[in-house]
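Notes follow once the structure below has been shown.
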Amino acid sequence: MASIVDSSDDAIITKNLDGVITSWNAAAQRIFGYTAEEAVGQPIQMLIPDDHLDEEPFILQRIRRGERIRHYETIRKAKNGTLLEISLTVSPIVNEEGKVVGASKIVRDIRKEVRAREDLQQSEEQFRVTLNSIGDAVIATDHSGKITFMNSVAEGLTGWATAEAVGMPLDCAFRIVNEFTRAPVENPVEKVLAEGKAVALANHTLLIARDGTERPIDDSGAPIRGGSSNLMGVVLVFRDVTKRREAELTALRLGAIVQNSDDAIIGKNLDGIITNWNEGAKRIFGYSADEIIGQSVRRLIPADLQIEEDKILERLRKGDRVSHFETTRIRKDGTHIPISLSISPIKDQAGHIVGASKIARDISERKAAEKALFEARQKLQCHADELEQKIRERTEDLERTVGELELFSYSLTHDMRAPLRSIRSFVEIVLEQNREKLDPNGVELLEKTVDSVKRMDRLILELLQFTRMSRSPVTMEPVDLERLISGIIRERVEFQPPKAEMEINTPLLRVSGNETSLTQCLTNLLDNAVKFVPRGVTPHVRISTERNEQGVRLWIEDNGIGIEKESRQRLFELFQRVHKNSYPGTGIGLAIVRKAVERTHGQVGVESEPGKGSRFWLQLLGERA
Ligand code: ADP
């Protein structure tokens, strides 16, 4: 018994009921530092720190009652004053009569255990913090699939707080379905438990959070094994891949756009090696992607244009783009093809230029069209030149013919006046000398002959005026309209009271024109103004001028019979008479007016309404300052 006590690792100490130490083994000496001689006979309180002194009466009380105290963890003090973490087991010592006479204490130094426990706590805390700080969501379960841990990211994604989730079966907090079929996805924990190894989750998995929010996730599960490598549970790691999925989708879309483009879209690195080749490129250049990827882009460039690639690369390295550069490339079959090139640098995530994208458009059709257009234009120009030449020649011919005709009609009309004058004189002589001898019928016929001759002479005279108007050269000069018109009125009784009333809205503006032609125009217009009035009405004519953008407008307004709309424009052509049967005339007067004003860069027109008079106007140039 004594040897067991001595070889024990634990301190074994006995004391009597007064708390005095009665025995002290070797381990007690090792733990507390006192030798047996020093300790035996001393009060047990020497081992108890001041703030633990109240434990002793309590322990003694229980010992007296014959009770034991097991594995009581407390602090004691060594000889050198250091505090020791110990585990106490105290048992009563009973004499033959069954009376408690003292106590035996087994004291275990538990410093190592305490440290180990603290270390464990610390490392657990560290794990918790670590798991909460990582960007991925983590859920751990026990071997039956019940949640034991959730980090904050997992809380965020599932919508469950750890406190609520712990103890729940995994699929309550971690609801996953297939994105397309919406069928529940196999519980990864069950899968890990069944297979005993790490598994990745199926693709297209949606996590449905507590509030119904759905997120695409990516996850994996791994078994948690204990020291003896038995399965303790499963740890599930997952992340929200919404952003990545969007990026993938964008990449897919871009890829599809590139593939389906009509243009050739080619990627190359900075050494000019082709890295990408779309369908458009295949169609335009004839090479398949397999044939050309990895080859130098120079294969597409004709020998005499190789320098272009050097220049392009130089610009790309500077980060410049090349837009719509028209050039020629070679197809697989050796034929040349005109293309329009746009080249942009490709940068990596850090912004370094790593290559270039080339978009090449086949412009052979456009080039052909341009060529055809150019040729057509040239042909057209040739035709136009020819046509112009022909027109020039014909115009000259026509002018000559017109000149001849004008001369002819001028001489004809001119020469016709002399015989007419003779006829008129002879008839008048016959009438004068033989009026009594002739029967009344004969006299009437001869008088009609004189009238006809007069009308014919008037016609010829006006025609002469008309032809003269087109033949004689005109000069522009300042004209005092007021003086001119007053003169015309003074010369003709038809324009004066009581035959007519002329109202001149003075002062009339001065104009630039030809006085002779203007006199002719105004006489003709005034003639018409006093002529075309209803029978018995005194003509009232108002003459005025106004300034406008083109110069000066001269108005001659009458109170006559007016003109219907349909007839208004043709009045200015030769021999046009609207009121043929009721009024005499030749239909030449207004044609002369038009010719005359047009030769002096003016215009003529009329505003009228039947029964409400007419307003003839001449647009003339204002007098130059
Ligand atoms: P003429 O007076 O000799 O008939 P014009 O050429 O001067 O020839 O005029 C052509 C026609 O225009 C006239 O016959 C007449 O019907 C119409 N006309 C001209 N001036 C007026 C006017 N002031 N009022 C009504 N009709 C007019």
Side-chain angles (χ1 to χ4, degrees), residues 135 218 239-375 377:
D218 205 20
R239 68 183 66 95
D240 180 358
V241 292
T242 312
K243 288 232 170 66
R244 202 186 71 204
R245 290 285 299 282
E246 278 166 6
E248 281 168 2
L249 219 66
T250 310
L252 270 176
R253 281 203 196 102
L254 283 178
I257 292 171
V258 167
Q259 257 327 313
N260 297 324
S261 162
D262 259 357
D263 294 336
I265 300 180
I266 304 169
K268 63 171 185 183
N269 64 19
L270 283 182
D271 298 323
I273 301 298
I274 295 171
T275 52
N276 304 82
W277 189 259
N278 77 340
E279 275 300 306
K282 180 175 164 193
R283 212 181 39 255
I284 293 177
F285 295 104
Y287 295 99
S288 70
D290 291 344
E291 285 172 301
I292 198 85
I293 288 177
Q295 305 270 344
S296 167
V297 78
R298 289 184 186 273
R299 262 184 87 162
L300 308 173
I301 305 175
D304 55 335
L305 295 180
Q306 288 287 335
I307 181 95
E308 280 180 11
E309 180 63 11
D310 301 323
K311 286 197 180 137
I312 290 171
L313 284 176
E314 195 180 309
R315 290 189 60 176
L316 279 176
R317 287 207 182 91
K318 277 194 242 153
D320 289 349
R321 318 167 55 113
V322 178
S323 297
H324 310 300
F325 168 59
E326 292 191 2
T327 180
T328 303
R329 292 291 177 258
I330 318 176
R331 300 168 47 101
K332 187 182 175 188
D333 63 10
T335 51
H336 283 60
I337 178 170
I339 57 161
S340 161
L341 264 187
S342 289
I343 306 168
S344 326
I346 300 175
K347 294 179 180 168
D348 65 9
Q349 273 155 341
H352 301 128
I353 297 164
V354 291
S357 72
K358 282 192 179 202
I359 302 182
R361 173 163 295 179
D362 176 357
I363 52 169
S364 30
E365 266 174 37
R366 203 191 77 203
K367 282 280 173 199
E370 273 172 9
K371 197 167 155 237
L373 192 69
F374 180 73
E375 284 166 3
R377 275 211 187 113

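- Around atom CZ of Arg377, no more than 12 heavy atoms belonging to other residues, nucleotides or ligands sit under 6.0 Å away.
- Annotation: the span from Ile312 atom CD1 to Asp320 atom CG amounts to 12.0 Å, rounded to 0.5 Å.
- Closest non-hydrogen pair, Ile266 versus Ala281, comes out as CG1-CB, 4.1 Å.
- To the nearest 0.5 Å, atoms CG (Leu249) and CG (Leu254) are separated by 10.0 Å.
- The two atoms that bring Ser344 and Leu316 nearest to each other are C-CD2, 3.9 Å, heavy atoms only.
- Checked against side chain to side chain donor-acceptor pair (under 3.5 Å), Arg298 has the following partners two or more places apart in sequence or in another chain: Gln306, Asp310.
- The ring pair (Phe, Tyr, Trp, His ring centres under 6.0 Å) pairs that include a residue from residues 297-331 number zero, where partners must be two or more places apart or lie in different chains.
- Looking at every heavy atom in both residues, Pro345 comes nearest to Gly319 through CG-O, 3.6 Å.
- In this view, Val297 and Lys268, Ile274, Leu300, Glu309, Lys358 satisfy the side-chain contact (heavy atoms from CB on, under 4.5 Å) rule, not counting sequence neighbours.
- For Asp333, the side-chain contact (heavy atoms from CB on, under 4.5 Å) criterion is met by Arg331, Thr335, not counting sequence neighbours.
- With a 4.5 Å cut-off on side-chain heavy atoms, Asp262 and Arg361 do not count as touching.
- Rounded to the nearest 0.5 Å, atoms CD1 (Ile337) and CZ (Arg329) are 11.0 Å apart.
- The closest donor-acceptor contact from the side chain of Arg299 to the backbone of Ile292 lies at 3.5 Å or more, if one exists at all.
- Residues forming a side chain to side chain donor-acceptor pair (under 3.5 Å) with Glu365 (at least two apart in sequence, or on another chain): none.
- Atoms CG and CG, from Asn269 and Leu313 in turn, are 9.0 Å apart once rounded to the nearest 0.5 Å.
- Taking both residues in full, the closest heavy atoms of Pro338 and Ser364 are given as CG-CA, 3.5 Å, listed atom of the first, atom of the second, then distance.
- In terms of modelled atom types and a separation under 3.5 Å, the side chain of Arg315 and the main chain of Arg321 share a donor-acceptor contact.
- For Glu291, the side chain to side chain donor-acceptor pair (under 3.5 Å) criterion is met by Ser288, Lys332, not counting sequence neighbours.
- By the side-chain contact (heavy atoms from CB on, under 4.5 Å) test, Ala360 is found to be paired with Ala264, Phe285, Ile339, Leu341, residues two or more places apart in sequence or in another chain being considered.
- Between the NZ atom of Lys371 and the CD atom of Glu375 there is a distance of 5.0 Å, given to the nearest 0.5 Å.
- For Asp263 (side chain) and Ile359 (main-chain N/O), no donor-acceptor pair under 3.5 Å exists by modelled atom type.
- Sorted by first then second residue, the ring pair (Phe, Tyr, Trp, His ring centres under 6.0 Å) pairs that include residues 337-363, not counting sequence neighbours, number zero.
- With sequence neighbours excluded, no residue satisfies salt bridge (Lys or Arg N to Asp or Glu O under 4.0 Å) with Asp362.
- Residues satisfying the side-chain contact (heavy atoms from CB on, under 4.5 Å) criterion with Ala369, sequence neighbours excluded, are absent altogether.
- Residues in residues 246-258 take part in these salt bridge (charged side-chain N to carboxylate O under 4.0 Å, His left out) pairs, two or more places apart or across chains: Arg244-Glu248.
- Residues passing the side chain to side chain donor-acceptor pair (under 3.5 Å) test with Asn276, sequence neighbours excluded: none.
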